[in-house]
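Residues take their numbers from the sequence shown, with the count starting at 1.
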Amino acid sequence: MPLRRLAALSIFVLVAAPPALAEVPYPACQAPACTDPADYASYLFLAPGVLPNDFDPGSGDGWKFSPATGMNVIGAWQRSTGRPDVFVAVLDSGIEWDRRTLAKTTALNTGELPLPPGCAAYDCNGDGVVNVGDYPNVPDANGNGFRDGQDMIRFYADGADDDGNGHVDDIAGWDFYQNDNDPSDDTRYGHGTGEASDQVDEANDGSGFPGVAPSSMFVPLRVADSFIGVDVDFAQAVVYGVDRGAAVISEALGTITASQVSQAAIDYAYRRGVPIIASAADEQSRHHNYPANFEHTLWVNSIRNGDGTFVEQKNDYTIQNGCTNHGGRAWTAISSTSCSSEATGRSGGISLLLVSHGRNLIDRGLLAPYPGNDAAHPFSAEEVRQLFRASADDVDHSANPGLAMNQLLQ
């Protein structure tokens, strides 16, 4: 079966607010196009030719966002840059709280929080998003130089399950590996932080590189101390993510066990319109990794550009990454250089853009939610899977034996 590469998701739109430094969400709501920061459909997209000031088309990541060489993320931003009410549950090694560009895109659980002091609404500063910026009274308890989700946990944890979901003080995610309310990556493995960064790193901060959906949010759910876990922890996190209201679940994992419990959890998400983006894993084989190999996942692997060393053709951007798995279960190949893990992160971001665009259409009266779903899920999980396939290009190198040999040498 030929590989498939995700291609264009773009249409033309008329107007976008001009950018400003480190906006979350991006772009900011500015009149006359936007007068209500909660009206995301009116402003969370970019005009043609407008890009964040931290987007460098010539950087090592830039080619992945371009329709000529990778995926048309730049075009998709003309539909949506994401929405703060559309967030992803990232099932991985947890979060390194000192990643500044993820502090404002961490989704907070208002069911475990009081209103910000002196405010009548959780969006205290009126910028259209509820995040750490609405709680200026919270001290920098972990001493990393800025306010983040861990500071919120330490300040507001009171030992009570205020929202009654069975997880006490789940203010900014949950640790299913150690069963506590702080999903901190205390081994500093960094894998979960990278997954979140590829999806929702803030945009327009003047440095670094934005996530695919910089106006969306994420909930860190720690299920292991690396990218290898057990399926029971994975399954619990899937159910939690769905019940928490995640629009997308991403997992760049391999589990040492695979049971009906995990399949049941995936089916639970699938029936509720929540797609699960799943890593092919990186044994460079036809081995089918779990949990990606369960039914109803969106199984992704990696294609990349040539590097002039192992792959001679520098200008070919459809080469199967030498680390990624492949085989008959492959659903879509994603432009990425850090193997299937980055492919998972980029795919999660694209899913957030799709769902955000769908919610924009609902807000504009142009789309009804998928039957049985609420407005948080404008599409079924299967529709998201099929949209990936429908918008992909076939990639078939079978007629180029020289390139095939180069791939084998990776």
Side-chain angles (χ1 to χ4, degrees), residues 82-95 102 105-112 149 153 161 163-183 185 191-193 195-196 198-200 213 216-224 227 229-253 255 261-279 290-292 294 296-298 344-345 347-352 354-356 359 373-374 376-377 379-381 384-385:
R83 292 171 51 129
D85 60 349
V86 174
F87 65 89
V88 59
V90 179
L91 281 57
D92 213 289
S93 64
I95 179 69
L102 291 173
T105 60
T106 302
L108 301 177
N109 180 8
T110 56
E112 292 282 353
I153 293 169
D161 183 10
D163 60 0
N165 68 352
H167 296 84
V168 175
D169 293 324
D170 55 326
I171 293 167
W174 191 262
D175 185 341
F176 290 90
Y177 178 65
Q178 295 183 321
N179 194 31
D180 62 50
N181 69 328
D182 187 350
D185 184 351
H191 198 258
T193 304
E195 289 303 298
D198 287 340
Q199 296 175 73
V200 296
S216 287
M217 312 282 279
F218 83 106
V219 171
L221 301 181
R222 190 182 189 216
V223 296
F227 49 67
V230 295
D231 78 310
V232 173
D233 293 338
F234 162 79
Q236 290 184 87
V238 169
V239 173
Y240 175 93
V242 173
D243 291 347
R244 175 73 172 77
V248 177
I249 292 172
S250 73
E251 58 88 358
L253 299 168
T255 55
V261 173
S262 285
Q263 183 64 73
I266 292 169
D267 292 345
Y268 180 76
Y270 184 79
R271 290 193 301 269
R272 285 156 179 78
V274 183
I276 296 182
I277 315 302
S279 165
Y290 283 92
F294 286 113
H296 297 147
T297 66
L298 205 166
T344 303
S347 301
I350 291 165
S351 300
L352 292 168
L354 282 170
V355 175
S356 296
R359 291 204 63 173
N373 290 347
D374 59 27
H377 307 294
F379 311 114
S380 70
V384 174
R385 281 165 34 101

So which atom in Pro220 and which in Thr106 form the shortest heavy-atom distance, rounded to 0.1 Å? CD-CG2, 4.4 Å
Nearest-0.5 Å distance that lies between atom OG1 in Thr344 and atom CZ in Phe227: 11.5 Å
Angle class for the His167/Phe176 ring planes (parallel below 30°, perpendicular above 60°, tilted otherwise)? perpendicular
Walk me through whether Trp174 and Asn179 qualify under side-chain contact (heavy atoms from CB on, under 4.5 Å). CA-CA 7 Å; Trp174 191 262; Asn179 194 31; 3.6 Å; yes
Rounding to 0.5 Å, atoms CG (Asp163) and CD1 (Ile171) come to a distance of 10.0 Å
Distance-only donor-acceptor hits, side chain of residues 239-248, under 3.5 Å, sequence neighbours excluded:
unit_1: Tyr240; atom_1: OH; unit_2: Asp170; atom_2: OD2; d: 2.6
unit_1: Asp243; atom_1: OD1; unit_2: Tyr268; atom_2: OH; d: 2.5
unit_1: Arg244; atom_1: NH2; unit_2: Leu108; atom_2: O; d: 3.1

Is a donor on one side and an acceptor on the other found under 3.5 Å between the side chain of Ser262 and the backbone of Asp231? yes
Atom pair CE (Met217) and CG (Leu352), whose distance is rounded to the nearest 0.5 Å: 11.5 Å
Using modelled atom types and a 3.5 Å cut-off, is there a donor and acceptor pairing between side-chain atoms of Ser380 and backbone atoms of Gly273? no
Please check if the side chain of Ser356 supplies one atom and the backbone of Arg83 the other of a donor-acceptor pair under 3.5 Å. yes
Does Asp169 offer a backbone N or O that forms a donor-acceptor pair with the side chain of Asn181 under 3.5 Å? yes
Between atom CZ of Phe218 and atom CG of Leu102, what is the distance when rounded to the nearest 0.5 Å? 4.5 Å
NE2 of His377 to CZ of Arg359, rounded to nearest 0.5 Å, is 8.5 Å
At their closest point, which heavy atom of Ala237 faces which heavy atom of Leu221, and how far apart are they? O-CD1, 3.5 Å
Using atom types as modelled and distance alone, determine if a side-chain donor or acceptor of Arg385 lies under 3.5 Å from a backbone N or O of Thr297. yes
Heavy-atom check, side chain of Asp185 versus side chain of Ile95, under 4.5 Å: no
State whether the side chain of Asp161 and the backbone N or O of Asn165 hold a donor-acceptor pair below 3.5 Å, judged by distance alone. yes
Counterpart residues, side chain to side chain donor-acceptor pair (under 3.5 Å), relative to Ser279 (two or more places apart): none
Is the side chain of Asp180 donor-acceptor paired with the backbone N or O of Asp175 at a distance under 3.5 Å, no angle test? no
Looking only at heavy atoms, the pair that brings Gly229 and Ala224 closest together is CA-CB, 4.0 Å
Residue pair Val200 / Ala213: nearest heavy atoms and the distance that separates them: CG1-O, 3.6 Å
Flag for Ser250-Gln199: side-chain donor and acceptor within less than 3.5 Å: yes
Working to the nearest 0.5 Å, report the span between CG of Asp92 and CD of Glu251. 9.0 Å
